Amino acid sequence: PFLQRISSPIFTMTPGMTLPKGIFSFGFLTGYWEMEADLTEDMFKGGLPDIVQNLNSERNTEVLQVVLDLRYGLTDNFTIGLFPRWSSIAAKVSESSEENRVAGLGDTNLLLKYQFWATRKTRISLFGLLSIPTGDEDAEGGRFGVTIPLGSGSFNYTPGIAFTTVKEYLEAPLTIHSNISYRITNDEVVPDELRCDLAISYPFSPDINSFMELNYRWRNSYIHPQTLTINRDRPPWQGGPIKIETTLKEESGHTLFLSPGFQFILYKDIRLNVGAQIPLIKPKDAWAEKFVLNFGIRGFWDWW
């Protein structure tokens, strides 16, 4: 049965095969990660107000994200998908003890995927992801209304190619997934991004698949809004802390993750995924994840 042949990678999200005609795939993917980066004066576009002097700080962000993953096989070679996401983001600058949090709907991705090469064990597909700006790019959180964008505020497009093949290893199927894609943006709020992914899956048993993945990402330089809350020894009747709205430029950088994980096949081919991304290479001055944890569940339904 085709469901038993599909090994869905955890972080290499787009495999080479498409869903057969009439098959509906649904999933809930939960991710948690922490990010960190330095914050220095030369990163601010147009400079900082005179009140801010000798700024040399660190930013920290915690993100919890839930993605609803919906895919449908229109034909054996053409799959469409829709991925709305909800995020909770907490941001903090070390100069301030105030943690600022926002939560809500982020941008939504639309997937179009065409399988143009198919043999018994190898599949190759072209795909495109259109990011639709359904998230609030002006979301505010905390006591002082710090701006933390939940969305990009603009459309962006990601074309790519995906490959899946199966090799026999120790009398069991060794599945190899890979893809390469490039996100095209206006370099505001979100950057251009090149991604190259490789995932290898091996079954421990008929009900457990193990994964080892390498996930490479290059991000271009980009600008985005930044809110600073400067704590000064001012009494409340003089306004208390000072809130400054400015624009920050993030430098480009390379990131390489090693990503182990497991997939557990439950009742009626419902699949439970758990995995972690560990950065082997991180950019020196740009935003980078300290780690990423992933928990997800996926099922299949024969529409016909």
Side-chain angles (χ1 to χ4, degrees), residues 11 13 27-37 39 43-45 57-70 81-94 96 98-111 128-158 181 183-193 195 217 219-229 243-253 255 277 286-296:
F11 295 101
M13 291 299 298
F28 292 92
L29 312 176
T30 302
Y32 172 82
W33 62 91
E34 297 181 4
M35 301 180 72
E36 61 182 0
L39 184 64
M43 299 173 67
F44 289 87
K45 189 177 180 181
S57 187
E58 183 182 86
R59 297 167 289 159
N60 294 276
T61 300
E62 296 181 5
V63 181
L64 174 65
Q65 187 174 89
V66 180
V67 180
L68 178 60
D69 186 321
L70 305 174
L82 191 67
F83 316 120
R85 67 193 64 213
W86 177 92
S87 298
S88 173
I89 305 174
K92 180 179 179 181
V93 177
S94 60
S96 170
E98 178 80 13
E99 180 182 88
N100 306 285
R101 182 179 294 273
V102 298
L105 183 67
D107 289 352
T108 299
N109 281 344
L110 173 66
L111 169 71
L129 281 169
L130 176 65
S131 180
I132 304 169
T134 53
D136 183 3
E137 69 269 27
D138 299 315
E140 294 184 349
R143 289 186 300 160
F144 306 106
V146 174
T147 301
I148 306 174
L150 285 166
S152 65
S154 62
F155 291 87
N156 59 77
Y157 181 66
T158 305
S181 63
R183 181 172 66 186
I184 304 169
T185 73
N186 59 5
D187 287 327
E188 295 184 8
V189 183
V190 295
D192 279 17
E193 181 178 283
R195 293 187 61 99
R217 179 187 70 208
R219 282 180 173 169
N220 195 15
S221 300
Y222 66 106
I223 61 173
H224 65 87
Q226 178 74 47
T227 304
L228 291 180
T229 303
K243 176 183 172 183
I244 300 172
E245 299 286 354
T246 183
T247 302
L248 199 66
K249 181 179 179 180
E250 304 284 359
E251 296 298 330
S252 60
T255 309
Q277 281 188 319
W287 273 111
E289 296 88 342
K290 293 192 284 187
F291 61 87
V292 181
L293 302 177
N294 182 287
F295 175 85

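This structure is a prediction, so every number in the text was calculated from the model and none was measured. FYI, side chains are in, hydrogens and waters are out, and symmetry mates aren't considered; it's all heavy atoms of this structure.
- Put simply, OG1 on T255 and CZ on R217 are 4.0 Å apart, with the number rounded to the nearest 0.5 Å.
- A donor-acceptor contact under 3.5 angstrom links the side chains of D192 and T185, judged on distance only.
- The two residues N220 and P191 have their closest heavy-atom pair at O-CB, 3.3 Å.
- Atom CG of L70 sits about 8.0 Å away from atom CZ of F83, to the nearest 0.5 Å.
- For the pair V67 and Q65, the tightest heavy-atom approach, listed with the atom from each and the gap, is CG2-OE1, 3.8 Å.
- For the pair R219/S252, no side-chain contact is recorded, criterion being any heavy-atom separation below 4.5 Å from C-beta on.
- Looking at L129 and N156, their side chains never come closer than 4.5 Å, going by heavy atoms from C-beta outward.
- Rounding to the nearest 0.5 Å places CD of E188 at 4.5 Å from CD1 of I223.
- For D138, the side-chain contact (heavy atoms from CB on, under 4.5 Å) partners at least two apart in sequence or on another chain are D136.
- A side-chain donor-acceptor contact under 3.5 Å links D107 to the backbone of G135.
- Rounding to the nearest 0.5 Å places CG of L82 at 6.5 Å from CD1 of I132.
- Within the 4.5 Å cutoff, no side-chain heavy atoms of M13 are placed close to those of R195.
- Between R85 and L105, the shortest heavy-atom contact is O-CD1, 3.1 Å.
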May I have the step-by-step check of side chain to side chain contact (heavy atoms under 4.5 Å, CB included) for V63 and Y32, ending in yes or no? CA-CA 6 Å; V63 181; Y32 172 82; over 6 Å; no
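- Shown here for G151 and V189, the closest heavy-atom pair between the two residues is O-CG1, 3.7 Å.
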Should L293 and W33 be marked as a side chain to side chain contact (heavy atoms under 4.5 Å, CB included) after you check the CA-CA gap, both sets of side-chain angles, and the distance that decides it? CA-CA 6 Å; L293 302 177; W33 62 91; over 6 Å; no
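- With hydrogens and angles ignored, the 3.5 Å screen pairs no side-chain donor or acceptor of S131 with any backbone N or O of F155.
- Heavy-atom contacts from other residues, nucleotides or ligands closer than 6.0 Å to CZ of F291 number more than 12.
- Closest heavy-atom contact between S181 and T158: CB-CG2, 3.7 Å.
- Checked by atom type and distance alone, the side chain of T134 pairs as donor or acceptor with a backbone atom of T108 at under 3.5 Å.
- Heavy atoms only, all atoms of each residue included: I148 and R101 are closest at CD1-N, 4.4 Å.
- One distance of note links CG of N186 with OH of Y222; it measures 12.5 Å at 0.5 Å rounding.
- A distance of 10.0 Å separates NZ in K290 from OG1 in T61, rounded to the nearest 0.5 Å.
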